[in-house]
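Here's the structure we're looking at; comments come further down.
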Amino acid sequence: MKITLNPLAKDSATRAALVAEGGFGKYYTDHMVVCEWSQESGWGEPELKPYGPISLDPATAVFHYGQEIFEGMKAYRQPDGGVALFRPEANAQRFAKSAKRLALPEMPEALFLETVETLVKEDAGWVPDKVGESLYIRPFMIATEVGLGVRPSNKATYLLIATPAGAYFDPSKAVSVWISTEYVRAAQGGTGEAKCGGNYAASLVAQKAAAEQGCDQVVWIDAKERKWIEEMGGMNLYFIKGSGTSASVITPRLTGTLLPGITRDSILSVAKDLGYKVEEVMLSVDDWRDGVSSGEITEIFACGTAAVVSPVGQAKSAMGTWITGDGNPGVITMEIRNALLAIQHGQSADTHGWMRKVL
Ligand SMILES: *Cc1c(COP(=O)(O)O)cnc(C)c1O
């Protein structure tokens with residue numbers, strides 16, 4: 001891998017001040033990785049270089065037809081001062097699947113991992129120290145053939161950037177959701193399983209509708225029957241039935257339209273490790289409403305790399321409004337969140353082999 005260091009890299013005091021500000025996506029690390037692909041010569045040598053703007057012809061394919069994919073993953077500070085990635089192989093594999101669906105080149109897992117590890121090692125000073133904080137890593141790929149012809153691009157550019165992520169979890173606040181019956185996120189045969197920018201572009205109007213209803217987030221239901229719960233915004237959902245050791249931890253089944261979250265998958269294991277019964281099922285809007293009103297559903301949370309776990313409180317829809325629990329994060333929600341964070345921060349045993357030490 002070609003290495004071109006940033007002569008203007010921030011000194012450690014400046015960097016520490018920026019990292020201490022917390023937040024998300026405000027500052028980017030000193031470096032980025034770029035790797036070019038073409039139909040004729042395949043993947044070129046990746047380059048680590050100073051973070052900065054890129055220049056593209058206005059007729060570049062991605063601007064017109066949205067041929068783009070991305071990933072989201074994190075590096076966590078470890079108790080020995082080192083840094084480890086959480087399940088980066090899973091991100092590499094999903095990135096390749098998304099590429100295939102968007103007719104972009106599949107990046108070999110080893111190449112993907114090499115770029116991530118090189119950037120994290122070089123910019124390790126940007127990884128925050130506290131539990132709940134991390135370095136958020138954003139790999140993405142754009143179609144870079146120049147021309148307005150509609151066809152799979154014969155050129156692509158892979159880029160990798162990283163931003164420190166503060167602990168924006170507020171334990172006193174559960175998010176409110178608007179269950180959208182007007183807009184859908186994904187249909188069978190569409191791009192719901194792929195992590196592509198287009199899915200997000202199409203979701204923004206629904207997010208706006210949720211905000212107009214006074215809600216924090218939108219909940220998606222299935223496109224066909226318009227009754228099955230799929231996801232919340234860019235996160236997967238979990239429902240808890242019952243309480244104590246007899247509780248069940250339930251998540252909507254992956255039907256082909258849901259994004260297969262790595263946090264979702266990890267929580268299936270963590271909840272089982274904690275002794276709960278776990279289930280992947282089809283859950284309808286009626287099941288949600290009735291479960292909450294009968295008290296059978298005791299807790300709800302959303303999960304994803306960025307926020308890890310986010311408790312869900314009030315749900316509003318064209319069919320009415322209902323509230324889960326007392327509006328505060330549930331006991332099992334917090335137990336699962338803390339167990340996952342403890343693994344990510346190296347504070348409890350990594351029994352599933354999820355952590356990949358880079359430093
Ligand atoms: C990225 C994403 C998720 C969460 O996936 P993680 O791998 O857990 O971060 C869930 N839903 C959508 C739509 C997403 O784009």
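Read the numbers this way: they start at 1 and go in the same order the structure lists the ligands and their atoms. Numbers here simply count residues along the sequence, with the first being 1.
The closest approach between a heavy atom of Arg94 and any atom of ligand 1 is below 4.0 Å. Put simply, no part of Gly72 is less than 4.0 Å from ligand 1, judged by heavy atoms.
A search for salt bridge (Lys or Arg N to Asp or Glu O under 4.0 Å) contacts involving Glu89 returns Arg356, not counting sequence neighbours. For Lys121, the salt bridge (Lys or Arg N to Asp or Glu O under 4.0 Å) criterion is met by no residue, not counting sequence neighbours.
Ligand 1 has no N or O atom lying under 3.5 Å from any N or O atom of Arg264, backbone or side chain. Looking at Ile262 next to ligand 1, an N or O pair under 3.5 Å apart turns up. Note: an N/O pair closer than 3.5 Å links Thr263 and ligand 1 by distance alone.
Under the 4.5 Å side-chain criterion, counting only non-hydrogen atoms from C-beta, Phe239 is not in contact with Glu279.
Taking a cut-off of under 4.0 Å to the non-hydrogen atoms of Arg185, the atoms of ligand 1 that pass are 13 (C). Residue Gly261 approaches ligand 1 through these ligand atoms, each under 4.0 Å from one of its heavy atoms: 5 (O), 6 (P), 7 (O), 8 (O). For ligand 1 and Thr305, the ligand atoms under 4.0 Å from any heavy atom of the residue are 6 (P), 7 (O), 8 (O), 9 (O).
The pair Lys97-Glu193 does not count as a salt bridge, with every side-chain nitrogen at least 4.0 angstrom from each carboxylate oxygen. Look at Arg264 and Glu231 and you find no salt bridge, because none of the NZ, NE, NH1 or NH2 atoms lies under 4.0 Å from a carboxylate O.
Among all protein heavy atoms, the one lying closest to atom 12 (C) of ligand 1 is Glu231 OE1, 3.3 Å. Here the heavy atom of the protein found nearest to atom 4 (C) of ligand 1 is Gly234 O, 3.8 Å. Summary of contacts: the protein heavy atom closest to atom 15 (O) of ligand 1 is Tyr200 OH, 2.5 Å.
Atom 2 (C) of ligand 1 has its nearest heavy-atom neighbour, among Arg87, Glu71, Lys195, in Lys195.
Using modelled atom types and a 3.5 Å distance limit, the side chains of Asp30 and Trp126 yield a donor-acceptor pair.
When ring centroids are compared, Tyr76 and His345 come within the 6.0 Å threshold. Between Phe140 and Tyr158, the ring center distance fails the sub-6.0 Å criterion.
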